[in-house]
Amino acid sequence: MLSTVVRRPSALPAATIIFRSLTTETYSESSSHDVPPPPPPKRPLSTPRSLYPSPRRADANESHLVHAGLPNLPPRFGRNQLLPVSNSTRALMESIVGEFGAPIRYAFAYGSGVFEQDGYPAKVDGEAPMLDFMFAVTHAAHFHSINMQQHPGHYTLHAKMLGSSYVSNMQDIGPGVWFNAYIPMAGVTIKYGVTTVDNLCADLLNWRTLYLAGRMHKPLRIIKDDARVRLTQQVNLTSAVRAALLTLPPEFSETQLFERVAGISYRGDPRMLLPAENRGKVANMVRRQTPQFKELYYRLVVGLPGVHWPAHLGTIQQDTSPHARAAHLKKLPANLLGAVKRNYDRTGKTPAYEADESAYWVRLAGDERLAATIDAELKRIVRYAATIQSLKGVVSAGVGKSVRYGAAKVGKWWNGGRATS
């Protein structure tokens, strides 16, 4: 072929010109026979994505549950947090959370409506206890904007008039939670709080307010899971154990440990000063929920150095030497640890922290006032956050629902007193 082209150099260009003239259309603006361009290909119809993925399905037997939705964690990490409830209760709570179209990253249910407590009847005036939920979301204003459209009756009139930006700004004050209370859903009455994942994880790690972290020291039911919250909750539970060990003697019972841990969030809470608040609330909770507390904390306690807790016994022993206690003290959450350090530094009786850090912590850990100092600082942290949130409750719930909530507290206290008498 190459030799042919070389012998007749003018044949190929002429043939090419004739071929192109026969196969190429000329364009003329005056032509009325233009062929319209073909329509664009139709895109396949896709199913619209739901704003809210359905809640995680839990097995009846969750002892072998793996993290299908938590790819960044080991399969069995934090399995102590998966506390079982009855199938009917689980189905009810998951159906309630599934009613919300706004995106929720992490959700749990807590309180006497989920796990029974001694001293409180199962029903008051024929009604079951109110179910308490907490939702952690990515963007609060986005959640409230969608939720107001779907569930306008959940918000007070002034909140709806001022809009989602107002609600999210009010939510940011204090502990960073907004509550909607006395909401009828799925045949029961619920109360749900809304916070952000960032705020929740910050409190779990640092105990900034202990408002959320303290609630999560007690048994709860996870409904919608998140790897980041699961990790920080495990740190929160371990921190609660360390704080409790620093205030307990060398030998104590598991009941003492559970009561000390559960009582952290009640220290300094102004609501505990009210006559209607049950003074034995913590003991009642632990007495009825001992199996759940042991599932939450046993593996964490025995994993700490210097602690001995045989599985078949209810007695725990710990090394209370200054060096052993210093190991716990140094790992307390940043807000509590900083407060304890400032408390001691004001006395001027401790060695300089900069001179010898190890000697500093050992000196504090061996001080007989350490337990009382930790308790005082816990009260201070809890008191401020709980006071701010109580005042916010009047704004978020309105005066009517606030009065109703207070009356319900009195009724629960009165009926609980008669039930135990």
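Here, residue 1 is the first one in the sequence, and each next residue gets the next number. Just the heavy atoms: all of them, side chains too, but no hydrogens, waters or symmetry mates, feed the values below.
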I want to check something: taking the side chain as every heavy atom from C-beta on, are Gln171 and Thr196 in contact at a cut-off of under 4.5 Å? yes
Looking only at heavy atoms, which two atoms of Ala244 and Leu257 are closest? And how far apart? CB-CD1, 3.9 Å
Side-chain contact test, heavy atoms from C-beta onward, threshold under 4.5 Å: evaluate it for Leu329 versus Leu246 and give yes or no. yes
With rounding to the nearest 0.5 angstrom, report the OG1 to CE distance, Thr232 to Met216. 7.0 Å
Using the salt bridge (charged side-chain N to carboxylate O under 4.0 Å, His left out) rule, collect all pairs that involve residues 131-159, keeping only residues at least two apart or in two chains. Asp132-Lys191
Nearest-0.5 Å distance that lies between atom OH in Tyr297 and atom CG in Leu237: 4.5 Å
Check whether any side-chain heavy atom of Thr238 lies under 4.5 Å from a side-chain heavy atom of Leu304, and answer yes or no. yes
Can you give me the closest heavy-atom contact between Leu332 and Ser239, atom names plus distance? CD2-O, 4.3 Å
Roughly how far apart are Tyr155 OH and Tyr166 OH, rounded to 0.5 Å? 12.5 Å
Closest non-hydrogen atoms of Pro84 and Phe115, given as atom of the first, atom of the second and distance, are O-CE2, 3.9 Å
Sequence neighbours excluded - side-chain hydrogen bond (donor to acceptor under 3.5 Å, both in side chains) pairs with any residue from residues 319-328: Arg242-His328, Asp319-Ser321
Candidate list Val137, Leu200, Thr195, test side-chain contact (heavy atoms from CB on, under 4.5 Å), partner Tyr106, passing option: Leu200
Shortest non-hydrogen contact from Val177 to Lys392? O-NZ, 2.8 Å
Are the ring centres of Phe179 and Tyr192 closer than 6.0 Å? no
Walk me through whether Val167 and Leu162 qualify under side-chain contact (heavy atoms from CB on, under 4.5 Å). CA-CA 8 Å; Val167 173; Leu162 295 173; over 6 Å; no
Quick check against the 3.5 Å criterion: does Asn284 have a side-chain atom that pairs as donor or acceptor with the backbone of Gly280? yes
Do Arg260 and Leu245 come within less than 4.5 Å of each other through their side chains, counting heavy atoms only? no
Just by distance, do the side chain of Tyr344 and the backbone of Leu370 share a donor-acceptor pair under 3.5 Å? yes
My understanding is that only residues two or more places apart in sequence, or in another chain, count here; which of them pass side chain to side chain donor-acceptor pair (under 3.5 Å) with Ser168? none
Evaluation steps, side-chain contact (heavy atoms from CB on, under 4.5 Å), between Leu131 and Thr189: CA-CA 6 Å; Leu131 283 175; Thr189 303; over 6 Å; no
CG-CG distance between Leu92 and Asn87, expressed to the nearest 0.5 angstrom: 12.5 Å
Scan residues 195-216 for pairs that pass salt bridge (charged side-chain N to carboxylate O under 4.0 Å, His left out), counting only residues two or more places apart or in two chains. Asp198-Arg228
By ring pair (Phe, Tyr, Trp, His ring centres under 6.0 Å), Tyr110 pairs with (sequence neighbours left out) Phe108
Within residues 378-388 or reaching into it, pairs that qualify as salt bridge (charged side-chain N to carboxylate O under 4.0 Å, His left out) - sequence neighbours excluded: Asp375-Lys379, Glu377-Arg380
Step by step, work out the side-chain contact (heavy atoms from CB on, under 4.5 Å) result for Ile173 and Gln389. CA-CA 8 Å; Ile173 299 174; Gln389 189 61 42; over 6 Å; no
Please report the C-alpha distance between Asn199 and Tyr211 in whole Å, then the side-chain angles of each, then the deciding distance to 0.1 Å, and finally whether the side chain to side chain donor-acceptor pair (under 3.5 Å) criterion is met. CA-CA 11 Å; Asn199 182 64; Tyr211 192 84; over 6 Å; no
Test Gln81 against Gln233 for side chain to side chain donor-acceptor pair (under 3.5 Å), laying out the working first. CA-CA 9 Å; Gln81 300 177 32; Gln233 166 64 346; 4.9 Å; no
Okay, side chain of Tyr182, backbone of His154: is any donor-acceptor separation there less than 3.5 Å? no
State the CD1-CE distance between Ile222 and Met93, to the nearest 0.5 angstrom. 11.0 Å
For the residue pair Glu254 and Thr290, establish whether any side-chain heavy-atom pair is separated by less than 4.5 Å. yes
Could you give all pairs that pass the salt bridge (charged side-chain N to carboxylate O under 4.0 Å, His left out) test and reach residues 144-173, with sequence neighbours left out? none
Tell me, please, which residues at least two apart from Phe293 pass ring pair (Phe, Tyr, Trp, His ring centres under 6.0 Å). Phe258
Exactly one of Glu116, Lys218, Glu259 clears side-chain contact (heavy atoms from CB on, under 4.5 Å) with Met285, and that residue is Lys218
The test is ring-ring contact (aromatic ring centres under 6.0 Å, His included); show your working for Phe100 and His151 and say whether it passes. CA-CA 8 Å; Phe100 289 84; His151 302 295; 5.2 Å; yes
Side-chain heavy-atom pair Leu204, Leu212 within 4.5 angstrom cut-off: no
For Arg369, salt bridge (charged side-chain N to carboxylate O under 4.0 Å, His left out) partners two or more places apart: Asp367
Is any side-chain heavy atom of Ile190 closer than 4.5 Å to one of Ile96? yes
Locate the shortest heavy-atom distance separating Asn335 from Trp207; write the atom from each residue and the value. ND2-O, 3.0 Å
Kindly state each residue pair satisfying side-chain hydrogen bond (donor to acceptor under 3.5 Å, both in side chains) with at least one member in residues 300-318, sequence neighbours excluded. Glu251-Gln317
From CD (Gln150) to CD1 (Ile146), nearest 0.5 Å: 9.0 Å
Is there side-chain contact between Lys224 and Arg105, with at least one heavy-atom pair below 4.5 Å? no
Going by the rule side chain to side chain donor-acceptor pair (under 3.5 Å), which residues pair with Thr89 if we only count those two or more places apart in sequence or in a different chain? Ser86
For the pair Leu231 and Phe77, evaluate side-chain contact (heavy atoms from CB on, under 4.5 Å) and give the outcome as yes or no after the intermediate values. CA-CA 8 Å; Leu231 177 61; Phe77 180 85; 3.6 Å; yes
Intermediate values then yes/no, side chain to side chain donor-acceptor pair (under 3.5 Å), Tyr298 and Asn80: CA-CA 9 Å; Tyr298 177 78; Asn80 56 306; over 6 Å; no
Ring pair (Phe, Tyr, Trp, His ring centres under 6.0 Å) partners of His139, counting only residues at least two apart: none
Would you name the heavy atoms of Gly78 and Arg230 that are closest together and state the gap between them? O-NH1, 3.5 Å
Would a distance-only check, ignoring hydrogens and angles, find a side-chain to backbone donor-acceptor pair under 3.5 Å from Arg221 to Leu83? yes
